[in-house]
Number of protein chains: 2
Amino acid sequence: MSESRTQDLSDSSAEARKPVRSGKSSATIYDIAKLAGVNPSTVSRALSKPGRVSAKTQKLIEDAAAQLEYRVNPFARALPTGRTNTLALIVADITNPTFFGIIRGAESTATARDYTLMLAESAESADTELTAARRMLTTVDGLILASPRMDDARIRELAREKPVVVINRQVDGVPSVVPDVNKGIGEAVRNLAANGHRKVAYVAGPPQSWMTTRRWEGVKAACEWSHLECVQLPSSKPTVDGGRQVARDVVASGATAVMTYNDLLAIGLMQELQAAGVQVPDRISIVGFDDIFGADFTTPALTTIRSPMTACGTEAAALLLEVLHGAEEVSPALQVETELVLRGSSGRLLASGHPA
Amino acid sequence: MSESRTQDLSDSSAEARKPVRSGKSSATIYDIAKLAGVNPSTVSRALSKPGRVSAKTQKLIEDAAAQLEYRVNPFARALPTGRTNTLALIVADITNPTFFGIIRGAESTATARDYTLMLAESAESADTELTAARRMLTTVDGLILASPRMDDARIRELAREKPVVVINRQVDGVPSVVPDVNKGIGEAVRNLAANGHRKVAYVAGPPQSWMTTRRWEGVKAACEWSHLECVQLPSSKPTVDGGRQVARDVVASGATAVMTYNDLLAIGLMQELQAAGVQVPDRISIVGFDDIFGADFTTPALTTIRSPMTACGTEAAALLLEVLHGAEEVSPALQVETELVLRGSSGRLLASGHPA
DNA sequence: CGACCTTTGTCAACCGGTTGCCAAAAATTG
DNA sequence: CAATTTTTGGCAACCGGTTGACAAAGGTCG
C-alpha cells in the first residue's frame with residue numbers, strides 16, 4: 001500500500017494509474033522524493049523555483065507528483081514564507097447589491113491568478129470591520145476594503161502590516177479604486193437640463209460616506225455649469241425605506257428632478273411619489289446611482305448613473321496583486337468611468353414644475 | 001485603547017500602552033514564554049487547552065500574551081493539527097440574489113463561532129465547481145455547497161475527504177438543508193383557487209436543477225388537491241430574459257395563473273405580459289419563488305413563495321460545525337419552511353380567463 | 001514519615017514545506 | 001587533459017505552533 005518506486009512497473013493493470021497511496025492523507029514532497037529517487041529539497045525546488053533543476057529531473061519529479069496526485073500543503077508553505085495565495089475582501093453589507101459586482105470582480109481576478117478570496121462583511125459597523133480586518137490580516141497576503149467605514153488612520157495602520165487597496169474611498173498613501181463620478185453626472189445633468197428641468201435635488205447618503213460628498217460636489221458643479229439650481233436633502237438611511245421617507249421633502253423642495261445617493265433611495269422615492277399620485281417622470285424625474293441589480297424592475301425603469309462595480313473589484317484585486325508581486329510604484333488612485341443609463345424614470349418635464 | 005495591565009499603570013506616557021515589541025512581525029509563543037519565564041509548550045497549553053496549567057501561571061501567560069498583542073499564527077497551528085477554523089462556501093452564481101441570503105447566513109454563523117468563511121463561485125459550471133472545491137478542500141475544515149451543479153458521485157467523493165453540507169439538494173449520505181416547498185406552495189395554490197383560478201401553469205427551471213423538479217411536483221400535488229388543472233412549461237434559462245421569452249407560451253396555455261421556478265422568471269414574464277397589454281393580476285396572476293431582493297420593486301409587486309435563504313446558510317454552517325465538533329449522528333436532511341408572500345401580482349381573476 | 005497518586009511543567013519530536021550554504025558533478029576553457 | 005567555472009543536488013536549520021512521554025513538585029493517606 002505504500003508509495004515509492006512504482007515507476008518502472010509497467011502500468012498494465014487499471015489500478016496502476018490510480019495514485020499509489022491509499023490513505024486519505026495526501027502525498028508530501030517526501031513521498032515524491034522517494035518515488036523519484038531524489039532529495040526532498042530538490043523536489044521543492046523543482047515544484048516552486050523554475051529552472052533550478054535539470055530538465056530530466058524536473059520531468060521525473062513532475063511525473064511522480066502527478067502519479068501521487070500531489071497537492072502542496074498551503075500551511076506548510078505559508079509557515080516559512082508567509083505567502084498564502086489568499087486575498088481578503090471586506091464589504092460593508094453583503095446583501096447590498098452595490099457590492100455584488102465588486103465581489104464577483106475580485107473573486108474572478110483572484111481565481112484567475114490562482115489566489116483564493118476570503119470574504120467578510122462588517123455589517124456597516126466600523127468596529128466589526130476592524131476586527132474582521134485584523135483577524136484576516138494574519139491569514140492573507142493582502143486586503144481589499146470596499147467602501148470602508150473605519151477612519152483613515154486605522155486603514156493606514158492596517159496598510160502598514162500588509163498591502164491594502166480600498167474601493168470607493170481615498171486614503172493618503174493607500175492605493176485605491178474609485179469611480180470618477182463626473183462623467184456620468186455630467187451626462188445626467190445635461191440630459192435633465194435639455195429636458196426642461198431647472199431645479200435639481202440631491203438626496204444625500206450617510207454623512208460619514210466619502211462617496212456621498214463626492215457625488216454631491218459633482219452634482220453641484222454640473223448644475224452650475226448648466227445653470228441649474230440645486231439643493232441637497234438629507235436622508236435617514238440609504239435604503240428603499242429611506243427613499244420613501246424623503247419623498248415629502250423632495251416635493252417640498254420644488255425640484256423637478258432628483259438625483260439620489262444610490263439606487264435604493266431612488267426606488268423608494270419613486271414608490272412613495274407614485275403612491276402619492278406624483279407622476280414619474282412627468283412631474284418629477286428621478287436619477288439614481290450605481291445601476292444595481294433590480295434597477296430596471298421598476299415601472300418606469302430607473303435612470304441611473306452606472307458605476308462599473310465589477311471593474312472596481314477586478315481592478316482592486318489586480319492592483320493588490322501587483323503590489324504583492326513587487327511593483328514598487330503603483331498608481332495611487334485608479335479611476336474607473338461612470339456613465340448615464342437612460343431609462344424611463346427621467347425625461348421631459350410635462351406639467352410645468354415650479355410655477356410658484 | 002490597549003488591553004493588559006494598563007489598568008493599574010496610570011497611563012501617563014503615550015508609549016506605555018504600545019506593545020513592547022517593536023518589529024512588525026507578530027509575537028510568538030516563544031516571546032510570551034520568555035516574558036512570562038516559562039516554557040513555550042506551557043504557553044501553548046495555557047492558550048489552547050483549558051485547565052491544563054495552574055491558575056497563576058495561566059494568568060501570567062495571558063497577561064504576557066495581551067501585552068505582546070499576541071495572535072496565534074493559523075498556519076503554525078494548522079500544520080500539525082489540520083484544523084484551520086475556516087469553512088468554504090461554493091455558490092453557483094455570486095450575482096444571483098438567491099444566494100445572497102445563503103452567503104450572509106453562512107458568513108454570520110461562521111464568524112459568530114470564530115470561523116472564517118471562504119467564498120468561491122462556480123459560474124454555473126460543474127467543472128469549475130469541482131476544481132474550486134478541490135482547491136479549497138485542502139485549506140478548510142469543511143465545505144458548504146449551495147445548489148451544486150456537479151453530480152452526486154463527485155459530491156460524495158468530496159464528502160469522504162472533509163465534511164460537506166449541501167443546500168438545495170439531497171445527496172445520499174451527505175447532510176443537507178433544503179426548503180420544504182410544500183407549505184408555501186400549498187398556501188399559494190389555495191389562494192389562487194380561492195381567487196377563481198382554474199388552471200395553473202408552472203414555468204420550469206433548468207432540467208438539471210434538483211429544485212425545479214421538487215417545485216413542479218409540489219405544484220402538481222397541490223393543484224390536484226384543490227382540483228385545479230396544471231401544466232408545466234419549459235423555459236430557456238432561469239433569468240429575467242427567459243421569463244420574457246416564455247410569455248407567449250403562457251398566454252397560449254390558457255392558464256390564468258402562473259407559478260415560476262424563480263423570481264427572475266416571474267419578473268421577466270410580468271414585464272413581457274404588461275408590454276403586450278395583458279393585465280397583471282387581472283387577467284393573469286403571477287407567483288414567483290424565493291422572494292429575492294427586488295421582488296417588491298415591480299409594479300405590481302411580486303407575489304412569491306419565500307425560501308428562507310438566510311436560514312439555509314445559517315443552518316448549513318451550524319450543521320457543518322456540529323459535524324466538525326464531533327457529532328456522530330446529524331440529521332441527514334434539515335428542512336426549513338417556505339411561506340407565501342402575498343403581493344400585488346396575484347389576485348382575483350377579473351376577465352373570465354378561459355372561455356374557450 | 002514514607003509510599004503512592006496527582007498535578008504541573010519540561011523536553012523533544014513532529015507537521016511539510018523552504019532556503020542558504022556547500023560539495024559533487026558537469027560543462028567550459030586554455 | 002587538467003584547471004576553472006557553472007550547474008545541480010544534498011544537508012540541515014527553520015517557520016511556530018502541538019503533543020506524548022516523562023520528571024519534578026505537591027498532596028493524600030495509612
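The sequence lines fix the lettering, A, B, ..., with proteins before strands; numbering per chain opens at 1. All values derive from a computational prediction rather than experimental measurement.
Nucleotide D:dT18 holds its P atom 8 Å from the CG atom of B:L47, rounded to whole Å. Note: CG (B:N73) to P (D:dC14) measures 17 Å, nearest angstrom. The interatomic distance linking A:I61 (CD1) with D:dG10 (C1') rounds to 12 Å, in whole Å. Nucleotide D:dG10 holds its C1' atom 17 Å from the CD1 atom of A:I32, rounded to whole Å. The separation between A:I29 atom CD1 and D:dG10 atom C1' is 13 Å, rounded to whole Å. Following rounding to the nearest Å, A:Q58 (CD) and D:dT8 (P) show an atom-to-atom distance of 11 Å. Atom C1' of nucleotide D:dT19 and atom CZ of B:R83 are separated by 12 Å, given to the nearest angstrom. Here the P atom of nucleotide D:dG9 and the NZ atom of A:K56 are 7 Å apart, to the nearest Å.
Listed nucleotides D:dG17, C:dC21, C:dC11 differ in distance to B:R45; the shortest reach to its side chain belongs to C:dC11. Among the nucleotides C:dT18, D:dG17, D:dG9, the one closest to the side chain of A:T42 is D:dG9. Here the nucleotide nearest the side chain of B:P80, chosen from C:dT10, C:dT19, C:dC15, is C:dC15. The B:S44 side chain lies nearest to D:dT19 when the options are C:dT10, D:dA12, D:dT19. Distances were taken from every side-chain heavy atom of B:L79 (C-beta onward) to each of D:dG17, C:dC11, C:dG16; the shortest belongs to C:dG16. The side chain of A:N39 has D:dG10 as its nearest neighbour among C:dT18, D:dG10, D:dG17. You'll find that the side chain of A:S41 is closest to D:dC11, out of D:dG17, D:dC11, C:dA12.
For the helix from C:dC1-D:dG30 to C:dG30-D:dC1, the axis fitted to the five pairs at one end and the axis fitted to the five pairs at the other end meet at an angle of 40° (nearest 10 degrees).
Under a 4.0 Å N-O distance rule, the pair B:E322/B:R113 does not qualify as a salt bridge. Classification of A:R169 and A:D152 as a salt-bridged pair holds, one side-chain N sitting under 4.0 Å from a carboxylate O.
Of the candidates B:L143, B:L130, B:V174, B:I155 forms a side-chain contact (heavy atoms from CB on, under 4.5 Å) with just one, namely B:V174.
Two residues, B:T57 and A:A76, neighbour DNA chain C, and the one matched to the more 5' nucleotide by heavy-atom proximity is B:T57. Comparing B:P40 and A:V38 along DNA chain D, the residue whose closest nucleotide (by nearest heavy atom) sits nearer the 5' end is A:V38.
In this structure the side chain of B:V43 reaches within 4.5 angstrom of the side chain of B:L47, judged on heavy atoms. Residues B:T310 and B:I102 are not in side-chain contact: their nearest non-hydrogen atoms beyond the backbone lie 4.5 Å or more apart.
Inspection of the A:R149 and A:S122 side chains reveals no N or O donor paired with an N or O acceptor under 3.5 Å. With 3.5 Å as the limit, one finds a donor-acceptor pair spanning the side chains of B:T57 and B:S54.
Within 4.0 Å (heavy atoms only), B:T81 reaches sugar-phosphate atoms of the nucleic acid but no base atom. When heavy atoms are screened at a 4.0 angstrom cut-off, A:Y30 is found touching base atoms of the nucleic acid. Nucleic acid contact for A:S54: sugar-phosphate only, since backbone atoms but no base atoms lie under 4.0 Å from a heavy atom of the residue.
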Decide yes or no on salt bridge (charged side-chain N to carboxylate O under 4.0 Å, His left out) for B:E157 and B:R134, but give the supporting numbers first. CA-CA 10 Å; B:E157 192 180 302; B:R134 288 241 177 81; 3.1 Å; yes
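For B:T28 against D:dC15, no side-chain N or O and base N or O form a donor-acceptor pair under 3.5 Å. At a cut-off of 3.5 angstrom, counting only N and O atoms as typed in the model, there is no donor on one side facing an acceptor on the other between the side-chain of B:R71 and the base of D:dG16.
OP1 and OP2 of D:dT18 both lie 4.0 Å or more from every side-chain N or O belonging to B:K49.
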